[in-house]
Amino acid sequence: MLIKVQKGIAFVLGMAILLTLTACQQNEPKEKDGKLLLTVCMESTSGLPGSAEKGTTMENSIREIARYFETEISPDVTFEFVCLPYTPEERAELIDQLQVEMMAGKGPDIFILPCNDGFSYNETQLFENVEKSMNSNLFADISTQYDQDETLEHDLLLEKVMDAGVVDGKRYILPLRYQYPIILVLESEMEKSKLDIDTLGTSPEQFLDSVMSLESGAWQVSGASVFAANFFSAFSNVCDYGTGETFLDEENLAELLSRYGSLLATLKAESIQEDGAVWPYYLSDKHPMDTVPLCNRLFSFLDIASAQGQELVAIPFAAQDGSIIANVSYYGAISANCSAVGEAYDFLRLFLSREVQSGGRLTGDTGNYDASECNTVYGWPVRSDISAADLRQSVPQMLLADGANPDQQPDAPEGPAPMLEEDFFTSAYERIGEVRPFSHMDGEFSRQAMGLYDFSTYTSRTEQVPKVTEGLLHELETEVAE
């Protein structure tokens with residue numbers, strides 16, 4: 001982990017120095033077959049277990065949107081694609097190559113990539129920390145294009161989310177998807193426990209106290225998992241990459257870790273063994289959902305609960321001040337080395353259209369172009385005119401989670417599971433206090449928090465709270481200062 005972070009720091013510093021030295025230089029536009037050539041860097045999970053042979057949903061959507069652009073918008077532009085592979089060795093080699101090219105003033109023109117939340121299937125990213133990369137001017141400033149775009153429907157874009165792409169008044173990225181942590185609980189469980197769902201979403205401290213007050217060991221196990229997975233989201237206004245300042249104080253961090261340690265101390269071997277599989281991958285009709293699950297696969301949980309004849313209630317996971325910390329999960333950006341920023345922006349802006357954001361089709365004079373695979377698997381749309389019902393229809397139905405025995409599949413229900421009510425999303429958006437791109441720190445905080453429990457011996461390590469606190473603060477300060 002340390003080697004990877006240091007390598008990322010060296011790349012950011014090298015690029016910043018290079019861009020400073022070559023600020024007045026302008027690369028010549030790239031051409032292919034007499035057309036302007038734009039290269040797009042994106043993810044590919046071809047070969048990833050459980051994925052379709054044709055690759056990721058985003059990959060196919062990006063290619064289809066590029067085909068629409070070439071055919072319907074600008075026939076004088078053509079695209080080539082650089083796909084970051086799933087295989088770790090091949091991925092690392094390609095990222096090394098791309099970083100060398102970028103430091104030489106070359107490399108891809110456009111990036112359409114996920115932010116690294118620290119728990120993605122492949123941690124190594126081209127840009128380990130998007131927010132730091134924005135502050136280091138690795139991306140082109142597209143403020144003029146964005147602000148003067150009269151067809152973009154700015155009033156329908158979620159302002160809080162879109163502002164996450166701006167640093168010092170300059171826009172460097174277009175957020176394409178965003179997420180915030182959601183706590184999902186079976187309605188029957190809430191009634192049995194006599195606990196109000198709103199209480200779980202008041203603050204991290206209230207969440208921990210509520211889970212510990214219940215007698216069910218399953219609640220302690222799943223509550224510990226939910227808290228750890230969202231630990232970084234418990235803190236607002238953590239740092240400023242522009243000034244190199246950190247605002248998370250030691251006392252605040254240690255106090256919350258200690259309270260979390262109290263929850264971990266309640267975990268028992270039998271509860272973990274019997275009900276530790278709270279993740280959707282292991283659920284089936286023989287293993288019903290009976291605890292507090294995580295939210296990062298909302299539609300999976302909705303479908304599983306429906307297949308089991310269950311109903312879910314939900315509440316966002318709140319930060320210490322009661323607000324919701326949201327994260328940019330997917331973004332589009334243009335390289336600072338790109339010589340055709342205008343054309344690159346014209347392509348990138350298509351990803352903010354209602355058709356693409358809702359997983360629909362782009363319609364042109366020569367036919368339809370399927371963008372349906374650019375769906376909410378990677379987060380929520382950044383447009384306000386896409387309803388919860390629209391979201392439900394854009395995601396394929398799932399009966400049971402990956403890994404369930406096919407012989408245990410129940411009969412298919414007549415239709416997909418109902419979506420959460422519309423006012424859940426509107427009220428949650430009003431509570432958002434900060435939107436920031438995912439970074440590896442999200443995963444590091446979660447791993448360190450869960451590391452306060454030894455699952456091999458079923459014992460808590462609460463005595464390590466001071467050491468973990470010091471280590472996390474040091475890593476955060478190092479990450480921000482470089």
Side-chain angles (χ1 to χ4, degrees), residues 1 117-119 121 123 181 183-186 188-190 192-195 199-200 203-234 253-284 286-297 300-301 304 308 317 401-405 441-473 475:
M1 183 69 175
D117 64 357
F119 282 107
Y121 63 87
E123 286 187 24
I183 304 168
L184 291 168
V185 189
L186 290 173
S188 58
E189 278 292 303
M190 294 303 299
K192 184 169 63 175
S193 64
K194 295 181 171 48
L195 183 64
T199 305
L200 289 175
S203 68
E205 292 87 349
Q206 185 62 58
F207 176 87
L208 294 175
D209 290 345
S210 299
V211 172
M212 282 188 287
S213 70
L214 301 170
E215 296 181 358
S216 170
W219 277 80
Q220 272 96 23
V221 175
S222 56
S225 299
V226 169
F227 183 86
N230 299 307
F231 186 37
F232 201 60
S233 295
L253 178 57
E255 180 180 357
L256 196 54
L257 276 173
S258 296
R259 297 180 71 130
Y260 178 58
S262 298
L263 172 59
L264 293 175
T266 68
L267 302 187
K268 296 179 174 59
E270 53 269 24
S271 295
I272 296 173
Q273 293 166 351
E274 294 177 6
D275 228 290
V278 298
W279 316 94
Y281 316 109
Y282 305 109
L283 294 173
S284 71
K286 303 300 182 184
H287 189 158
M289 186 160 50
D290 58 1
T291 54
V292 185
L294 295 173
C295 64
N296 54 352
R297 296 184 65 177
S300 298
F301 281 120
I304 294 167
Q308 297 176 351
F317 182 89
D402 300 337
N405 187 335
M441 290 303 299
D442 291 80
E444 191 59 26
F445 268 61
S446 299
R447 277 187 289 270
Q448 292 292 334
M450 189 56 81
L452 292 173
Y453 191 86
D454 187 339
F455 285 89
S456 62
T457 61
Y458 304 107
T459 55
S460 62
R461 298 167 168 170
T462 52
E463 75 282 354
Q464 295 189 17
V465 166
K467 180 180 178 181
V468 171
T469 300
E470 182 180 353
L472 284 175
L473 283 175
E475 182 163 349

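No donor-acceptor distance shorter than 3.5 angstrom exists from the side chain of Gln220 to the backbone of Leu263, with no hydrogens or angles considered.
Using a 4.5 Å cut-off on side-chain heavy atoms (C-beta onward), Leu195 and Leu200 make contact. The side-chain heavy atoms of Leu452 and Thr462, taken from C-beta on, include no pair separated by under 4.5 Å. Residues Met450 and Tyr260 form a side-chain contact, since some pair of their non-hydrogen atoms from C-beta on lies under 4.5 Å apart. With a 4.5 Å cut-off on side-chain heavy atoms, Leu256 and Leu208 count as touching. Annotation: side chain of Phe227 is not in contact with side chain of Val211 (no heavy-atom distance under 4.5 Å). Proximity of Trp219 to Val185: side-chain heavy atoms (C-beta onward) are separated by under 4.5 Å at one or more points.
Of all the heavy atoms in Gly223 and Phe207, the pair that sits closest is O-CE2, 3.4 Å. In this structure, Glu444 and Leu472 approach most closely via the heavy-atom pair O-CD2, 4.0 Å. Nearest approach of Pro181 to Asn230, heavy atoms of both residues: CB-OD1, 3.1 Å. For the pair Ser193 and Leu214, the tightest heavy-atom approach, listed with the atom from each and the gap, is CB-CD2, 3.6 Å. Here the closest non-hydrogen pair linking Val468 and Gln448 is CG1-CB, 3.9 Å. The two residues Ala229 and Ser446 come nearest to each other via the heavy atoms O-OG, 3.5 Å.
Relative orientation of the Phe445 and Phe231 rings is tilted, given thresholds of 30° and 60° on the angle between their planes.
In this structure, CG on Leu264 lies 11.0 Å from OG on Ser258, to the nearest 0.5 angstrom.
For Thr469, the side-chain hydrogen bond (donor to acceptor under 3.5 Å, both in side chains) test picks out no residue, with sequence neighbours left out. By the salt bridge (charged side-chain N to carboxylate O under 4.0 Å, His left out) test, Lys192 is found to be paired with Glu189, residues two or more places apart in sequence or in another chain being considered.
The salt bridge (charged side-chain N to carboxylate O under 4.0 Å, His left out) contacts involving residues 450-473 comprise Asp454-Arg461, where partners must be two or more places apart or lie in separate chains.
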